[in-house]
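Notes follow once the structure below has been shown.
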Amino acid sequence: PPQRDPDKNTVRELFKYVLQLDNQQLSKMSLIDLAVHALTLKQQRQPTCATVRAASSQAVYAEYSQLPAKQSAPLLLAFARLQTSMSQVGSFIQQRFVDQ
């Protein structure tokens, strides 16, 4: 059976862990900002597949789809950079972002 998308709380907790944030810092950031930071984190060579799945989850997409293009562009750019540098993560980026 296909894996379920992580829910909003799971996505936030994963980003909290990856970005080493406390609850106060986490609460001040949107899911889009968290996703962009997690995907472009300089300390790690490349984001894990779990990070990519979280960043392309329905929870992040719900927020993304409500934003104007200028505010959503950093996330698409982060995904584009990943696709060009890491062919193996392409299957983990949910199709809803690839079709943009």
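Note: hydrogens, waters and symmetry copies are ignored here, and every other heavy atom, side chains too, is used. Computed from a prediction, not measured in an experiment: that's the story for all the values here.
- Atom CZ of Phe15 sits about 9.5 Å away from atom CZ of Arg12, to the nearest 0.5 Å.
- Among Pro74, Pro47, Ser56, the single residue meeting the side chain to side chain contact (heavy atoms under 4.5 Å, CB included) criterion with Leu39 is Pro47.
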Leu41 vs Thr51, side-chain contact (heavy atoms from CB on, under 4.5 Å): CA-CA, chis, key distance, verdict
CA-CA 11 Å; Leu41 192 62; Thr51 301; over 6 Å; no
What pairs of donor and acceptor atoms, side-chain ones from residues 28-38 against any protein atom, are under 3.5 angstrom apart with sequence neighbours left out?
unit_1: Ser30; atom_1: OG; unit_2: Ile32; atom_2: N; d: 3.4
unit_1: Ser30; atom_1: OG; unit_2: Asp33; atom_2: N; d: 3.0
unit_1: Ser30; atom_1: OG; unit_2: Asp33; atom_2: OD2; d: 3.3
unit_1: Ser30; atom_1: OG; unit_2: Glu63; atom_2: OE2; d: 3.3

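- Between Arg53 and Arg4, the shortest heavy-atom distance links the atoms NH2-O, 3.2 Å.
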Please step through side-chain contact (heavy atoms from CB on, under 4.5 Å) for the pair Val60 and Lys8, ending with a clear verdict.
CA-CA 8 Å; Val60 174; Lys8 186 175 181 176; over 6 Å; no
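- Leu77 and Phe79 end up in different hydrophobic clusters when Ile, Leu, Val, Met, Phe, Trp and Tyr side chains are linked at under 4.5 Å.
- Checking side-chain atoms of Ser65 against main-chain N and O of Tyr61 turns up a donor-acceptor pair under 3.5 Å.
- Residues satisfying the side-chain contact (heavy atoms from CB on, under 4.5 Å) test with Asp22, not counting sequence neighbours, are Gln24, Gln25.
- When all heavy atoms of Ala59 and Asp7 are compared, the pair lying nearest together is CB-C, 4.4 Å.
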For Tyr64 and Leu76, what are the C-alpha separation, side-chain angles and deciding distance, and is it a side-chain contact (heavy atoms from CB on, under 4.5 Å)?
CA-CA 10 Å; Tyr64 162 87; Leu76 288 182; 3.2 Å; yes
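- Side-chain atoms of Asp5 do not come within 3.5 Å of backbone N or O of Ser57 as any donor-acceptor pair.
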Decide side-chain contact (heavy atoms from CB on, under 4.5 Å) for Val18 and Leu14; before the verdict, give the C-alpha distance in whole Å, the side-chain angles of both, and the deciding distance to 0.1 Å.
CA-CA 6 Å; Val18 168; Leu14 181 111; 4.2 Å; yes
